[in-house]
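Excluded from the calculations below are hydrogen atoms, water molecules and symmetry mates; all remaining heavy atoms, backbone and side chain alike, are included. So you know, we letter chains A, B, ... as the sequences are listed, proteins then strands, and number each from 1.
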Protein chains: 2
Amino acid sequence: MAATPHGAGGRPRSAQRAAAPLIERRADARRNIASILDAAVLLLSRDADASVADIARAAGVGRVTLYGHFSTRADLVDAVLTRTVEQADATLDATDTAGDPRQALTRLVGASWRIVHQFRSVLQAAQRELPPERIRAVHDRILRRVHTIIDRGRRAGVFRDDLPEEWLVTAVFSLMHAAAEDSAAGKVDTGDAARIIAATLLAALSAPGSTVPTVNL
Amino acid sequence: MAATPHGAGGRPRSAQRAAAPLIERRADARRNIASILDAAVLLLSRDADASVADIARAAGVGRVTLYGHFSTRADLVDAVLTRTVEQADATLDATDTAGDPRQALTRLVGASWRIVHQFRSVLQAAQRELPPERIRAVHDRILRRVHTIIDRGRRAGVFRDDLPEEWLVTAVFSLMHAAAEDSAAGKVDTGDAARIIAATLLAALSAPGSTVPTVNL
DNA sequence: GCTAACTTGAACATCTCTGTTCGGGTTAAA
DNA sequence: TTTAACCCGAACAGAGATGTTCAAGTTAGC
């Protein structure tokens, strides 16, 4: 009988991948998992409906092997989303979000929007496959960053206090994604997108009665 | 042989439904078409993936009958979207969008956002089934309204001139949809949504250097 | 009341995906 | 060198879904 390639037997439930296997995988297994994730990101970035078979083929791996590591499609998509978001988060770690809230937000937008743009299709796949809470949870750390900046801006009196903070966070994400779509559709100059988003957001977040800030990039 | 129920024989290509059939349909056919569209709106509003079979059943009509009137699923979705948008457009016809651009925008948001909210799932279905150009085309008249208001506001100096107008229109739609999602998720008070959207938009559209307007509903 | 338009359920023909099983081969690792 | 972990193609199982065809019934409309 072929040994079950499932690593440590019973995987947690799915949709909640264990961060690391209890038993260390063999080198070739790790390599394949990496290939699969790479291929999955690539294909899902181009088409949110890419099939598991396509992904396996692109990874140079048998379909059975893939299913050995990711027991369902949702599992795979979850892993891809998680990895992508973690990488994005690492990028943001290298971004200075201290100091003036408006400048901090501008920098965050500058560092984020390309990622949002590049992986918008992956997010779309996740939205079709995973429950909203899960997607939210994966983004938790990134959401926190935005929250923190907005919070600081509010206390400093430069961001508005008359709307729910949750909504302001939503607005930030929403406009970034919208810009990504427009840029993909050629309706917004890609090189100019960061400025456009930042300008719009800074205005949207300004307190009524205050003066709309000018963008400086 | 049963007569082909396809009305005037060769339908235009699909994805471009003729507004009215060349030969008048029989009364029962018209009734059924109406039932189908009603049911389709209802089901697609709840689940963008509702199947043709489900829709036919909900309409109290045989699946074959449905296919007689809408030769593909995309055809049906197109018809649903078109009808919905047309109805929305009619509602907006009854909305005063003259006068002060900021107030006009506020009124337009007030009249629109519930519709956007109610039918967001229909739009989702359309996005999965129809090419983007087609969706854009269906929304043409509505887009024009927004354009007109923004244009007027720019000329009056109350809306910003430093960002592409296309983008501002995108921002309007994007924020309305985002609010619809948030409201559906219970993150934003439904009764307050119009005010929140309008406040955010008026700020976002304000020219740098000017004062952020206060909302008045 | 005649007729063509219309409706209908049932069955069929595909298609495409997901996920599993099997039997045998390969390779990492001690 | 041994062996358990791993990989693989092929084949199967099955769940939907979309469209089509058929043969027989209703019904609108003149």
Interatomic distance where [atom1] belongs to [X] and [atom2] belongs to [N] [whole Å]:
X	N	atom1	atom2	answer
A:R57	D:dG9	CZ	P	11 Å
A:Y67	D:dA10	OH	P	18 Å
A:L43	C:dC17	CG	P	13 Å
B:E24	D:dC30	CD	P	11 Å
B:D49	C:dT16	CG	C1'	15 Å
A:R128	C:dT18	CZ	C1'	17 Å
A:R25	C:dA29	CZ	C1'	17 Å
B:R73	D:dG16	CZ	P	15 Å

Using a 4.0 Å heavy-atom cut-off, does A:R30 contact any base of the nucleic acid, only the sugar-phosphate backbone, or nothing at all? nothing

Taking OP1 and OP2 of [N], is either one under 4.0 Å from a side-chain nitrogen or oxygen of [X]?
X	N	value
A:H69	D:dC7	yes
B:R26	C:dC6	no
B:N32	C:dT7	yes

Between B:R57 and B:D54, is the closest basic N to carboxylate O distance under 4.0 Å? yes

Regarding the side chain of A:T65, the nearest nucleotide among C:dT18, C:dC22, D:dC7 is D:dC7

Per A:D28 side chain, nearest of listed nucleotides D:dA28, D:dC6, C:dG19: D:dC6

Taking the nucleotide of DNA chain C with the nearest heavy atom to each, does B:L66 or A:D54 sit closer to the 5' end? B:L66

Under a 3.5 Å threshold, yes or no: a donor from one side chain and an acceptor from the other, between B:W167 and A:T200? yes

Drop me the distance from A:L201's CG to A:L105's CG, to the nearest 0.5 angstrom. 6.0 Å

Between CZ of B:R145 and NE2 of B:H139, what distance do you get to the nearest 0.5 Å? 12.5 Å

By nearest heavy atom, map B:V52 and B:R31 onto DNA chain D; which one lands nearer the 5' end? B:V52

Comparing nearest nucleotides in DNA chain D, the 5'-proximal residue of the pair B:A53, B:A27 is B:A53

May I ask you to decide if the ring planes of A:H177 and A:F173 are parallel, tilted or perpendicular, using 30° and 60° as cut-offs? parallel

Please evaluate the base of D:dG19 for a donor-acceptor partner in the side chain of B:R63 within a cut-off of under 3.5 Å? yes

